[in-house]
Amino acid sequence: EPGGLVTKWSDRVRYGTMFDLLDFVNLISNAQSGLHMPDLTEEMGIVINKAYLAVKEGRYRINADVFLFPWMPTFQNLQLGQVRKGAFGRVHLGQDTQTGKRMACKLIPLEDFGASEVEIQAGLQHRNIAELFGVVLWDRTMHLFMEAGEGGSVLEKLDSAGPMWESEIIWVTRQILRGLDYLHSRRVIHHDIKPSNIVLMSSKAVLVDFGLSVKMTGDLYYPKDFRGTELYMSPEVVLCRGHNTKADVYSLGASIIHMQTGHPPWVRRYPPSAYPSYLYIIHKQAPPLEDIADACSAALRGFLGRALDRNPQLRASAAELLQDSALRPHGKAQ
Ligand SMILES: Nc1nnc(-c2c[nH]c3ncc(-c4c[nH]c5ccccc45)cc23)o1
């Protein structure tokens, strides 16, 4: 066929660079529009991190080269009035049979797959952002193999162990702010910062799920569709008149309220039984400073005031919040 597409499909699963992986996902996305759908009998894909995924003679078979165990079905998040486009990924725990390494494997049905999630995540290398190891198309499902937060997400921790100590919150917040600062310096908006998208490992906290992320081209991003999870959504995103990376800072502030009280902002004052949607409340009300824990330190309270400012211009950036004294509780330099 023209453009050598046949050769592209023929070398099944292979090691490659981030650029090979981007070519592959774009090939799949374009093929979806029915141009040259390949024969999907066998798996095909690109692996960037060979320390995790061992490809054998162009093969990487599920339940042979890697075992998948159901782990974290994303439908759990729907309880929190989740409004998400393309939120179809189900996350499994994967284990490569040769390397023995464990990974997170997100399964996205081909018809729901968009290249943007992989494009954005493949271009990010930061210790507090889940690394993408490779992508394999198998049985009309895209398998995204990523760094696994084996400690589960902050939401699971809150649901099982209740509110977190302030010292734990500061430990998580400092790391997620580093990830956000890196993301924002590359003009990427995550769009879904919340406890279930912060996962824990023995030595670090990591941001996951770039399914709603966008790379800004101008100073403001004008949303075509509604993105994010209501309870953590900033007023300017609700207004839908254009927003920027400051939207993630607000969502982190809302997530900190959840970490310290065990509940997202608003729900104690406006019970979900009486309020099916929080968009009007977020739009009209002052920032949810009333939902800050009574025991919250004055320093962290000040931090939250700066993170939850309704005006994104006045709201602190991730870089500015990283310098905040609230993150150095005993005044010791980090
Ligand atoms: N939506 C999404 N997109 N990418 C990820 C992801 C990448 N690495 C991961 N590691 C762990 C978990 C995870 C979340 N909740 C959990 C509860 C128990 C165990 C594990 C988890 C999720 C991921 O998630």
Side-chain angles (χ1 to χ4, degrees), residues 21 25 45 47-49 51-53 66-80 82-96 101-109 112-136 141-162 164 172 175-176 179-180 182-183 188-214 227-229 232 248 251 255 258-259 264:
L21 186 138
V25 294
V47 167
I48 351 184
N49 192 321
Y52 281 83
L53 291 88
V66 62
F67 285 110
L68 294 183
F69 311 94
W71 198 13
M72 190 275 291
T74 36
F75 63 77
Q76 277 170 343
N77 307 357
L78 293 180
Q79 296 145 16
L80 290 174
Q82 182 172 24
V83 182
R84 284 189 55 172
K85 183 181 90 56
F88 305 91
R90 289 185 327 283
V91 177
H92 288 59
L93 179 64
Q95 181 154 28
D96 185 286
K101 296 263 188 171
R102 291 147 73 95
M103 305 169 276
C105 182
K106 186 172 182 178
L107 280 66
I108 305 173
D112 304 323
F113 178 71
S116 70
E117 174 168 4
V118 173
E119 277 169 351
I120 287 175
Q121 197 164 359
L124 303 170
Q125 278 96 21
H126 188 277
R127 86 178 236 102
N128 297 113
I129 289 174
E131 182 183 342
L132 181 67
F133 297 145
V135 177
V136 176
T141 304
M142 288 299 266
H143 293 66
L144 276 52
F145 290 95
M146 296 171 278
E147 185 179 8
E150 303 215 30
S153 74
V154 168
L155 180 67
E156 272 78 28
K157 177 176 168 57
L158 290 166
D159 288 350
S160 57
M164 292 161 61
V172 169
Q175 297 185 69
I176 296 307
L180 279 184
Y182 169 83
L183 217 47
V188 172
I189 310 175
H190 181 279
H191 269 139
D192 207 11
I193 298 297
K194 57 182 177 180
S196 62
N197 282 338
I198 298 172
V199 299
L200 301 167
M201 299 171 192
S202 49
S203 64
K204 63 177 181 173
V206 163
L207 262 185
V208 300
D209 196 351
F210 292 83
L212 295 179
S213 304
V214 294
R227 292 170 176 245
T229 305
Y232 310 90
D248 286 339
S251 301
S255 302
H258 193 162
M259 289 188 246

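The residues of the chain are indexed from 1 along the displayed sequence. Counting convention: from 1, in listed order, for ligands and their atoms alike.
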Exercise. Within a distance under 4.0 Å of any heavy atom of Ala104, pick out the atoms of ligand 1 and give their elements.
Key: 7 (C), 8 (N), 9 (C), 10 (N)
Quiz item: Can you list the atoms of ligand 1 that are under 4.0 Å from a heavy atom of Gly152?
Solution: 16 (C), 17 (C), 18 (C), 19 (C), 20 (C), 21 (C)
Practice problem: For Met146, take its heavy atoms, then give the atoms of ligand 1 lying under 4.0 Å from any of them. | Solution: 4 (N), 7 (C)
Exercise. Rounded to the nearest 0.5 Å, what's the gap from CG on Leu212 to CD1 on Ile189? Could you check?
Key: 11.5 Å
Quiz item: Can you tell me if His190 uses its side chain to pair, donor with acceptor, with the backbone of Val208 under 3.5 Å?
Solution: yes
Quiz item: So, for Tyr52 and Lys101, which heavy atoms are closest and what is the spacing to 0.1 Å?
Solution: CD2-CB, 3.5 Å
Quiz item: Between Ala148 and Met201, which heavy-atom pair has the shortest distance, and what is it?
Solution: O-CE, 3.3 Å
Self-check item: Those atoms of ligand 1 less than 4.0 Å from some heavy atom in Ala148
Solution: 10 (N)
Exercise. Quick one: list whatever passes side-chain contact (heavy atoms from CB on, under 4.5 Å) with Gln175, sequence neighbours left out.
Key: Arg127, Asn128, Trp171, Arg178, Lys204, Ala205
Practice problem: Can you sort out which atoms of ligand 1 are near Glu147, meaning under 4.0 Å from one of its heavy atoms? | Solution: 7 (C), 8 (N), 9 (C)
Self-check item: Shortest reach to atom 13 (C) of ligand 1 by a heavy atom, considering only Leu132, Val208, Asp209, Val199
Solution: Val199
Quiz item: When only distance counts, is Glu117 in polar contact with ligand 1, meaning an N/O pair under 3.5 Å?
Solution: no
Quiz item: Taking distance alone, with no angle check, do Ser196 and ligand 1 share an N/O pair under 3.5 Å?
Solution: no
Quiz item: Who are the side chain to side chain donor-acceptor pair (under 3.5 Å) partners of His191, not counting sequence neighbours?
Solution: His243
